[in-house]
Amino acid sequence: MPAVRDRYAPSPTGALHLGGARTALFNYLYARQQGGQFLLRIEDTDRTRFKDGSQALIEEGLRWLGLNWDEPPLVQSERKPIYHQAAETLLASGAAYRCFCTPERLNEMRAEQRARKEPEKYDRRCRSIPPAEARRRADAGERHVVRQAIPTEGTTTLQDLVMGTVVFKNATLDDHVLLKSDGYPTYHLAFAVDDHQSRVSHVIRGDGWLPSAPKHLLLFQALQWDPPAFAHLPLVLGPDKKPLAKRHGARDVLEYREAGYLPEAVVNFIAFLGWSPGTTEDILTIDELIARFAIDKIQPSPAMANLERLDWLNGQFIRRLPVAELAKRIAPLMPGIAVESIEPLIPLVQERLRTLNEAREMLRFFFQEPEQVQLPQLVPKGRDAAGTTAALTAAAAALRGLSDWTLETIEPVLRSVADQCGWPARDLFMTLRVAITGRTVTPPLIESMGRLGKDRVLARLQRAAQTLTGPSPN
RNA sequence: GGCCCGUUCGUCUAGUUGGCCUAGGACGCUGCCCUCUCAAGGCAGAAAUCAGCGGUUCGAAUCCGCUACGGGCUACCA
């Protein structure tokens, strides 16, 4: 049994989106599980769609997800001679032929076929040109392509690891182009040559390729190479049930990083798009995914990305992170604030976060004086400014008298202040919350006060009381 | 038009050697508990006539056929 080698082979036309990331992930999981290699190949034979910087973006996305490849990526545009050599072999054996038809003729032909409601495929006119004559014309510089000569009879059977056995009638297959007139190979030729040379054992790719799989099989056969095993992955759909390649909220994997998602969560999320371990487990690390992955557990039907689930997963993974690690990941989002200052606050927010970015807002009041203490919520329903000022002042006075500043000392004091004022404790807590943090939704108040320190708490209470007593004199 | 793939709660799915499925889990949703806000957590609940029809069988979500619907491919794009 030859070693397992698989690959992710994107074309550099943009960034890495969720669907591509999933294809890469499945290849990665399988290779790692089998102790094989995961390769990256850049499919850049179409110079018209090529986008500068795309390769770097794709690589960054893969790296962020932790999908590291084992060998330097093969770049097809640097390998033209190799493809030509394969084309020559095919030409020599009659498995391919030169075609001199012009684009204009091809267009006319298709228009007629369409009008007659016939299948649109090349009519094979050039297939009957004697090879010697074709070679002469080619040598004379006549512009041409090389087409695959598909057998006119029989069937080609694909044993797909996901789709099962799929039988194609050869007669329905088109003589597609292998070598373009600009000298570049099409995907089909490059695919066969590259995967053979890279000793790829498993081709795990999007099911957009399923219809051309028989031609690929035929190509391997004509070249007398052992074909790899195939696994065609169903589409990933967006929330609108349209293929998730085009315009959807965040389509680039790196945008999820910007939005505060953990790569662990994104990996877990896309792993379950069309695959499941067959158990009720739903939160798995990448190592657990590697251990459980199985190609035959991949669903043959398309999966729709449920972004709400990603949010939930993200929260789950955030909660599982060690405090120091979480602090380290949040720190870059809060420029100017040291990790050391953030770490002690982590326990207050860890179970409240859905995305990393939310920490910034939640923790802001620790590093910055609140601005909107004049929130209407400062005064509880049914109370007035005077009563609230009194409560604030009473609380401040009581807190000032504390010699110990701990959760155990602060809370009882505040509760008794509430009693004295005739307020329910919850009302007092909300007033204090707004006064101290400037917000109505915060980490636990008492603990926050503890971390903030007595002086800053008292100062903020005082300031809030002042804003209540009327227009400030400044 | 031709070729090919698919169809279990709103969504991701379990189910694949037919019986333990009056279809299980998760997200989301609703309610309750906890509670200083918000979360988290706990408990409970609503939610799928397994696309439809017809077979095979003592018995089918699971096997077969047909239909419908959805999707992909049909380029000198990948």
Side-chain angles (χ1 to χ4, degrees), chain A residues 9-13 43-46 48-49 99 101 103 106 110 113-114 116-121 143-147 158 160 162-164 166-169 172-174 176-182 184-188 190-191 205-214 232 234-235 237 239 241-243 269 272-283 296-297 299-313 315-316 319 349-354 358 362 377 411 414-415 418 424-434 437 439-447:
Chain A
S11 50
T13 55
E43 305 265 356
D44 64 346
T45 57
D46 181 7
T48 61
R49 296 205 314 160
C99 170
C101 293
L106 259 19
R110 289 197 188 98
Q113 287 170 336
R114 203 167 13 235
R116 274 176 280 147
K117 299 219 185 235
E118 285 172 9
E120 290 177 41
K121 41 187 283 211
R143 205 168 168 79
H144 68 282
V145 301
V146 173
R147 287 182 185 274
L158 170 72
D160 191 89
V162 173
M163 299 297 175
V166 187
V167 181
F168 299 85
K169 291 189 213 38
T172 65
L173 269 24
D174 197 5
H176 60 227
V177 172
L178 295 176
L179 212 52
K180 304 181 231 179
S181 57
D182 64 3
Y184 280 84
T186 60
Y187 172 86
H188 311 289
F191 157 81
R205 67 209 325 186
D207 78 352
W209 294 113
L210 192 55
S212 38
H232 287 93
L235 249 37
L237 308 176
K241 300 198 172 187
K242 292 283 187 231
F269 178 65
F272 277 73
L273 251 28
W275 174 85
S276 98
T279 64
T280 58
E281 299 172 298
D282 45 19
I283 302 194
D296 61 6
K297 291 294 248 176
Q299 295 260 147
S301 57
M304 187 171 119
N306 175 193
L307 277 338
E308 285 171 337
R309 194 182 161 79
L310 210 210
D311 285 342
W312 172 76
L313 276 171
Q316 293 296 320
R319 253 148 254 144
V349 298
Q350 184 157 21
E351 64 188 21
R352 265 162 256 273
L353 294 174
R354 274 179 112 70
E358 290 167 355
M362 272 183 209
Q377 288 91 333
E411 180 158 4
L414 293 181
R415 288 192 185 277
R426 56 190 303 130
D427 283 356
L428 210 223
F429 283 133
M430 183 50 86
T431 292
L432 294 175
R433 182 187 314 283
V434 175
T437 70
R439 305 183 49 167
T440 55
V441 176
T442 71
L445 217 216
I446 312 290
E447 290 178 79

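Proteins come first, then strands; the chains are lettered A, B, ... in the order of their sequence lines, and each starts at number 1.
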Considering only heavy side-chain atoms of A:Met430, the closest of B:rU37, B:rC3, B:rC76 is B:rU37
Measure up the A:Tyr187 and A:Phe191 rings against each other and bin them: parallel (under 30°), tilted (30 to 60°), perpendicular (over 60°). parallel
Base B:rC12 paired with A:Arg309 side chain (donor-acceptor, <3.5 Å): no
Does a side-chain N or O from A:Thr13 land closer than 4.0 Å to OP1 or OP2 of B:rC77, or not? no
A:Arg433 versus A:Thr442, closest heavy-atom pair with distance: NH1-OG1, 2.7 Å
Rounded to whole angstrom, note down the C1' distance from B:rG28 over to B:rC9. 12 Å
Of the listed nucleotides B:rG41, B:rU37, B:rC27, the one nearest the side chain of A:Pro444: B:rU37
Closest listed nucleotide, where the reference is the side chain of A:Met304 and the choices are B:rC76, B:rA78, B:rU11: B:rU11
Name the nucleic acid region contacted by A:Val145, choosing base, sugar-phosphate or nothing; use a 4.0 angstrom heavy-atom cut-off, strictly under. base
Picking from B:rA75, B:rA78, B:rA40, the nucleotide nearest the side-chain atoms of A:Arg110 would be B:rA75
Can you tell me the distance, in whole Å, between the CZ atom of A:Arg143 and the C1' atom of B:rC76? 9 Å
Nearest-angstrom distance, C1' atom, B:rU56 to B:rC12: 33 Å
Would you say a side-chain N or O of A:Gln316 is under 4.0 Å from OP1 or OP2 of B:rG41? yes
Provide the distance between the two P atoms, one in B:rA61 and one in B:rG18, to the nearest whole Å. 13 Å
Between atom CE in A:Met163 and atom C1' in B:rC73, what is the gap in whole Å? 13 Å
Assigned partner base of B:rG41, Watson-Crick or wobble definition, under 3.5 Å: B:rC33
Considering residues, nucleotides and ligands other than A:Arg319, do more than 12 of their heavy atoms fall under 6.0 Å from its CZ? yes
So, the side chain of A:Gln113 versus the backbone of A:Lys121: is there a donor-acceptor pair under 3.5 Å, distance only? yes
Mind checking the P distance from B:rC38 to B:rA46? Whole angstroms is fine. 27 Å
Could you work out the separation of B:rG2 and B:rA23 based on their P atoms and round it to a whole Å? 41 Å
Pairing partner of B:rG10 (Watson-Crick or G-U wobble, both distances under 3.5 Å): B:rC27
Per A:Lys169 side chain, nearest of listed nucleotides B:rC77, B:rA40, B:rC4: B:rC4
Between B:rC63 and B:rC27, how far apart are the C1' atoms? Round to whole Å, please. 33 Å
Need the pair for B:rC21. Rule: Watson-Crick or G-U wobble, both distances under 3.5 Å, any strand; none if unpaired. none
Once you apply a heavy-atom cut-off of 4.0 Å, does A:Pro103 come out as touching a base, just sugar-phosphate, or nothing? base
Between B:rU16 and B:rU22, how many Å separate the two P atoms, rounded to a whole number? 14 Å
What is the distance, to the nearest angstrom, from the CG atom on A:Asp160 to the C1' atom on B:rC4? 12 Å
Is A:Pro10 touching bases, backbone alone, or none of the nucleic acid, heavy atoms closer than 4.0 Å? nothing
Looking for any heavy atom pair under 4.0 Å, which part of the strands does A:Leu210 touch: base, sugar-phosphate only, or nothing? sugar-phosphate
Counting side-chain heavy atoms from CB outward, which of B:rA75, B:rC38, B:rC12 is closest to A:Glu120? B:rA75
Separation of A:Ile283 atom CD1 from B:rG41 atom P, in whole Å? 9 Å
Check the distance between B:rU11's P and A:Phe269's CZ and give it to me in whole angstrom. 14 Å
Does A:Gln299 reach a base, just sugar-phosphate, or nothing at all? Heavy atoms under 4.0 Å. sugar-phosphate
Would you say A:Arg439 places a side-chain N or O within less than 4.0 Å of OP1 or OP2 belonging to B:rU37? no
What does A:Ser212 touch in the nucleic acid at a heavy-atom separation under 4.0 angstrom: a base, only the sugar-phosphate, or nothing? nothing
Which nucleotide in the set B:rA26, B:rA78, B:rU11 lies at the smallest distance from any side-chain heavy atom of A:Asp282? B:rA26
Report the distance from atom CD of A:Glu351 to atom P of B:rU35, rounded to the nearest whole Å. 15 Å
Given atom CG of A:Leu235 and atom P of B:rG71, what is their separation to the nearest angstrom? 11 Å
Using the P atom as the reference point in each nucleotide, state the distance between B:rC5 and B:rU67 in Å, no decimals. 15 Å
Counting the atoms with a prime plus P, OP1 and OP2 as sugar-phosphate, which does A:Leu273 contact under 4.0 Å by heavy atoms, base, sugar-phosphate, or nothing? sugar-phosphate
What does A:Arg426 touch in the nucleic acid at a heavy-atom separation under 4.0 angstrom: a base, only the sugar-phosphate, or nothing? sugar-phosphate
With distance as the sole test, does A:Thr437 use its side chain to make a donor-acceptor pair with the main-chain N or O of A:Arg439 at under 3.5 Å? yes
Among B:rA78, B:rC4, B:rU37, which nucleotide sits nearest the side chain of A:Trp209? B:rA78
Please determine whether a side-chain nitrogen or oxygen atom of A:Lys180 lies at a distance below 4.0 Å from atom OP1 or OP2 of B:rA78. yes
Need one value for A:Ser181: base, sugar-phosphate or nothing, where a base atom within 4.0 Å counts as base even if backbone is also close, heavy atoms only. base
Indicate, with a heavy-atom threshold strictly under 4.0 Å, whether A:Gly274 touches base, sugar-phosphate, or nothing. sugar-phosphate
Assign each of A:Thr172 and A:Trp312 to its nearest nucleotide of RNA chain B by heavy atoms, then name whichever residue's nucleotide is nearer the 5' end. A:Thr172
Donor-acceptor pair, A:Thr45 side chain versus A:Tyr184 backbone, under 3.5 Å? no
Tell me what A:Phe272 touches on the nucleic acid: a base, only sugar-phosphate, or nothing, going by heavy atoms under 4.0 Å. sugar-phosphate
Compare side-chain N and O positions of A:Arg354 against OP1 and OP2 of B:rA40 and report whether any pair is under 4.0 Å apart. yes
Residue A:Ser276, side-chain heavy atoms: nucleotide from B:rA78, B:rU13, B:rG28 that is nearest: B:rU13
Counter-base of B:rC50, judged by Watson-Crick or G-U geometry with both distances under 3.5 Å: none
Return the pairing partner of B:rG1 with a 3.5 Å limit on both distances, Watson-Crick or G-U wobble; otherwise return none. B:rU74
Mind checking who B:rU16 pairs with, Watson-Crick or G-U wobble, both distances under 3.5 Å? none
Residue-phosphate contact under 4.0 Å: A:Lys297 side-chain N/O, B:rG15 OP1/OP2: yes
Do A:Leu158 and A:Leu210 come close enough that some side-chain heavy atom pair is under 4.5 Å? yes
Heavy-atom check, side chain of A:Val434 versus side chain of A:Thr440, under 4.5 Å: yes
Does the plane of the ring in A:Trp209 sit parallel, tilted or perpendicular to the ring in A:His188? Use 30° and 60° as the thresholds. perpendicular
Winner on side-chain proximity to A:Arg319, out of B:rC5, B:rC76, B:rA40, is B:rA40
How is A:Arg415 classified with respect to the nucleic acid when contacts are heavy atoms under 4.0 Å: base, sugar-phosphate, or nothing? sugar-phosphate
Sugar-phosphate, base or nothing in reach of A:Thr442, heavy atoms under 4.0 Å: base
Rounded to the Å, how far apart are A:Leu178 CG and B:rC77 P? 12 Å
